[in-house]
Amino acid sequence: MNRKHILIALVQDRPGVLNRVASTLRRRNFNINSIAVGSIEVPNLSRMTIVVEGDDARVEQARKQLDRIVEVIRITDITHENPVAREMAMIKVKATPQTRSEIIQIVDIFRSNIVDVSPDSLIIVVTGDQEKVDTLVELLRGFGIRELSRTGTIALPRGGAGPLTIEENRPLRHVVEHVAPEEETLPNW
Amino acid sequence: MMKTGAEILCECLIKEGVEVIFGYPGGALLPLYDTLPKYPELRHILVRHEQGAAHAADAYARVTGKLGVCLATSGPGATNLVTGIANAYLDSVPVLAMTGQVNTYFIGKDAFQEIDITGITVPITKYNQLVLDTGDMADAVREACHVAQTGRPGPVLLDLPKDVLQNKTEFIFPEKLDLPGYKPKLFGHPAQIKKAAELINSAEKPVIIAGRGVNVSRAFDELRELAENSQIPVVTTFLGIGCFPESHILSYGWLGMHGMGYANKAVHSSDLIIAIGMRFDDRATGGTSTFAPNARIIHIDIDAAEIGKNLPADVPIVGDVKNILQVLNKQLNKREHIIWLSQLDEWRSMHPATEIREHENVLPQYIIRQIYEVTKGDAIICTDVGQHQMWAGQYFYYDKPNSFVSSGGLGTMGFGLPAAIGAKVGRPNETVWCLCGDGGFQMTVQELATMVQENLNIKIAVFNNGWLGMVRQWQELIYSKRYSATALYNPDFVKIAEAYGIQAMRVTRKLDVSHAIQRAMEHDGPFLIEFVVEPEENVYPFVPPGKIIVEFLEEPSPATIRKK
Ligand SMILES: Cc1ncc(C[n+]2csc(CCOP(=O)(O)OP(=O)(O)O)c2C)c(N)n1
Ligand SMILES: [Mg+2]
């Protein structure tokens, strides 16, 4: 069954990582809903939240492919763990003296904020799950949307330590010692 | 001590055990080429086209088990490597490709011969990096060499700007590396291994499918113990050829589109497949929905992403093949499988895939069998791609690991000749034969000059059938003989060889075949034989696309006398 999957990944902060992740998904013919990348509490690491559509098996296959990327430290599919998932959108909507109050009402209902007011438009900031943002966008469409920018989903699993939690007892380092190469010996058949 | 980027690169390569670099210079690499002579431990072999460098490094790695290294300048040099890198990627070969790059302050300005080679090679490398600071050079080389050769091997690329090679920095060899995202799983899960052992101990019709992973992990003795102890027949994949001695009584050839009929039947009828270091490629399985309908599958592979990719596994075991087999073998019972094995032997006598029919003309199969006879099987066979490649897999018997070098995953025409160069450089004491079609030979023919310059004693057989034979075969069998763009006008291959300074002869009669091969072997130096062969010969068995692997076509005209 095709559904949206949320993958979260801990990656090394290096050039080219995002390119590799995107390339891996594109090659498997995945439609990327969104990718959000940001730094985390530990220096030189980033966290990615990737939303793709597909059936469980195909997404698991892609997850394993992504896990092969040298710079990807951990990657998990948290779709089935009821995560807290949010995105933010900024919507610049046309506002005339006649429509302004109606828009403000809608903004209130959605517990979103107006962050900029100009004579003929408003900028609204909303956070919420994808559905909420979608609904607000639909409602505002009738007033005339001038610009729309969405961050894509970010997500955290509920409860205590999550799969990407960096704990003392789960060291991130993986030290590889140099070993002098040895000559190959083939069997003597 | 202060050292230049180029010096650091050379010293790190030496520490990693690199002895040979196949390369081609250019502007961006001038600082490195200026440095190389200071390090005589690094033998540089000048190829005639960068594709040749990549293929030679690839074959060198296959026959030695070491890292293959190739080098090309920025821009066109780098793009010329791309086919070779892709070839190594699809066949999981550890190759370090290094490319020159424009000075860092020119990057992004479309400078002369600037190309984004790290961007281009993302999907065909295991890892790549543009080194932007001389201070990062040592770590980058260590990382690249480590990643290429561990886990599932594969090509890696380092892009080296000219000023990074030129600038100096303090050099301390990084004994330790931190790669938090790279931990290949080496040991199989004990519970999974136990489950596998139970399945094997109770199977009635088990079959092993051994792939290149056995070669990579050097699990030859472990595989043999597994097969002998539990009397399990061994079928290999095309790239697994040689990982189990083909003259062994439990060897049942290789499977797939042009695999042996009895190998395909064995796999199709089995109740348990022990898949070892292989990936159920479509050329091996045919349609996956109809593949081995009654078999449970134990899938052993170091790459977790291979498991369940093409076929679901009943018992997946992720880890290094050698380690896993060592543990598994201890849990297996002695078995005999007399009925199953005699069934297989019956199929083997019904489908003698490697018999050669009597024919007045020179049959390509006959040539390959004669090379086998004359060399007594003691040779490394490097092939190009096409019909001759399949016959080389079928009519020569490979008893030694890594003695068959062929482009499997990518099927790259032009691989054969540079591959033979890489193989001979890697194993100078072995006899190396290069088998090429008249089409593919001309894709990298310029490497004959490399061969002569390096004085490499390689024997070359060019199969002149006047066709792009493999494509012609498909046009004959699937497109009702509508031949389109497959007939070849050919040059005089003997004259070509001679122009490069290579002794050569042409063979048109069957009775001269064996003698010519002997003459080539006796000659001290490279030797080329142009065999003018039966033009419209087809490769059989042949599983037409979309068919089950047991629906193979066999050589027609049963009236023809079949003799060995
Ligand atoms: C670079 C490349 N181009 C095209 C092909 C498609 N192809 C596969 S086999 C073949 C014919 C090879 O002809 P030849 O080298 O004469 O060998 P033969 O099959 O006749 O033995 C072709 C064109 C390929 N595999 N690689
Ligand atoms: Mg041909």
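Both backbone and side-chain heavy atoms feed into the values below; hydrogens, waters and symmetry mates do not. Source: prediction; values computed, not measured. Chain identifiers are assigned alphabetically (A, B, ...) following the order of the sequence lines, protein sequences preceding nucleic acid strands; residue numbering begins at 1 within each chain.
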Exercise. Among B:Leu130, B:Thr150, B:Thr125, B:Leu67, single out the residue with the greatest number of heavy-atom pairs under 4.5 Å to chain A.
Key: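 Going by pairs under 4.5 Å, I would pick B:Thr125.
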
Practice problem: Name the member of B:Leu179, B:Thr118, B:Val147 that forms the most heavy-atom pairs with chain A at distances under 4.5 Å. | Solution: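 That would be B:Leu179.
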
Quiz item: What part of B:Asp303 gets closer than 4.5 Å to chain A, counting heavy atoms only: side chain, backbone, both or neither?
Solution: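 The answer is the side chain of B:Asp303.
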
Quiz item: So which part of B:Glu143 gets closer than 4.5 Å to some heavy atom of chain A, the side chain, the backbone, both or neither?
Solution: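 Looking at B:Glu143, just its side chain touches chain A.
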
[X] atom [atom1], over 12 foreign heavy atoms within 6.0 Å:
| X | atom1 | result |
| --- | --- | --- |
| A:Ile40 | CD1 | yes |
| A:Arg158 | CZ | yes |
| A:Glu131 | CD | no |
| A:Ile154 | CD1 | no |
| A:Lys132 | NZ | yes |

Practice problem: Please look at A:Ile75 and chain B and tell me whether the side chain, the backbone, both or neither of the residue comes under 4.5 angstrom of a heavy atom of that chain. | Solution: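 For A:Ile75, no heavy atom lies under 4.5 Å from chain B.
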
Practice problem: Can you tell which part of A:Val175 gets under 4.5 Å to a heavy atom of chain B, answering side chain, backbone, both or neither? | Solution: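 Contact with chain B: backbone and side chain both.
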
Quiz item: Name the one of B:His146, B:Glu16, B:Lys176 that satisfies side-chain contact (heavy atoms from CB on, under 4.5 Å) with A:His178?
Solution: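 Among the candidates, only B:Glu16 passes.
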
Quiz item: Counting distance only, does the side-chain N/O of A:Arg14 pair as donor-acceptor with the main-chain N or O of B:Gln129 below 3.5 Å?
Solution: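 The answer is no, because no donor-acceptor pair under 3.5 Å joins these two groups.
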
Quiz prompt | Expected output: side-chain A:Lys64 to main-chain B:Ile307 donor-acceptor under 3.5 Å | solution =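 Present.
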
Quiz item: Taking all non-hydrogen atoms of both residues, which atom of B:Tyr182 and which atom of A:His174 are closest, and how far apart?
Solution: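 Between these two residues, the closest heavy atoms are O-CD2, 2.8 Å.
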
Quiz item: What pair of heavy atoms forms the shortest contact from A:Glu177 to B:Arg142, and how long is it?
Solution: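 Minimum heavy-atom contact is C-NH2, 3.6 Å.
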
Only pairs of heavy atoms separated by less than 4.5 Å count here; which of [options] has the most with chain B?
| options | value |
| --- | --- |
| A:Glu60, A:Gln61, A:Glu71 | A:Gln61 |
| A:Asn19, A:Thr24, A:Ile73, A:Asp67 | A:Ile73 |
| A:Arg26, A:Arg63, A:Arg20 | A:Arg20 |

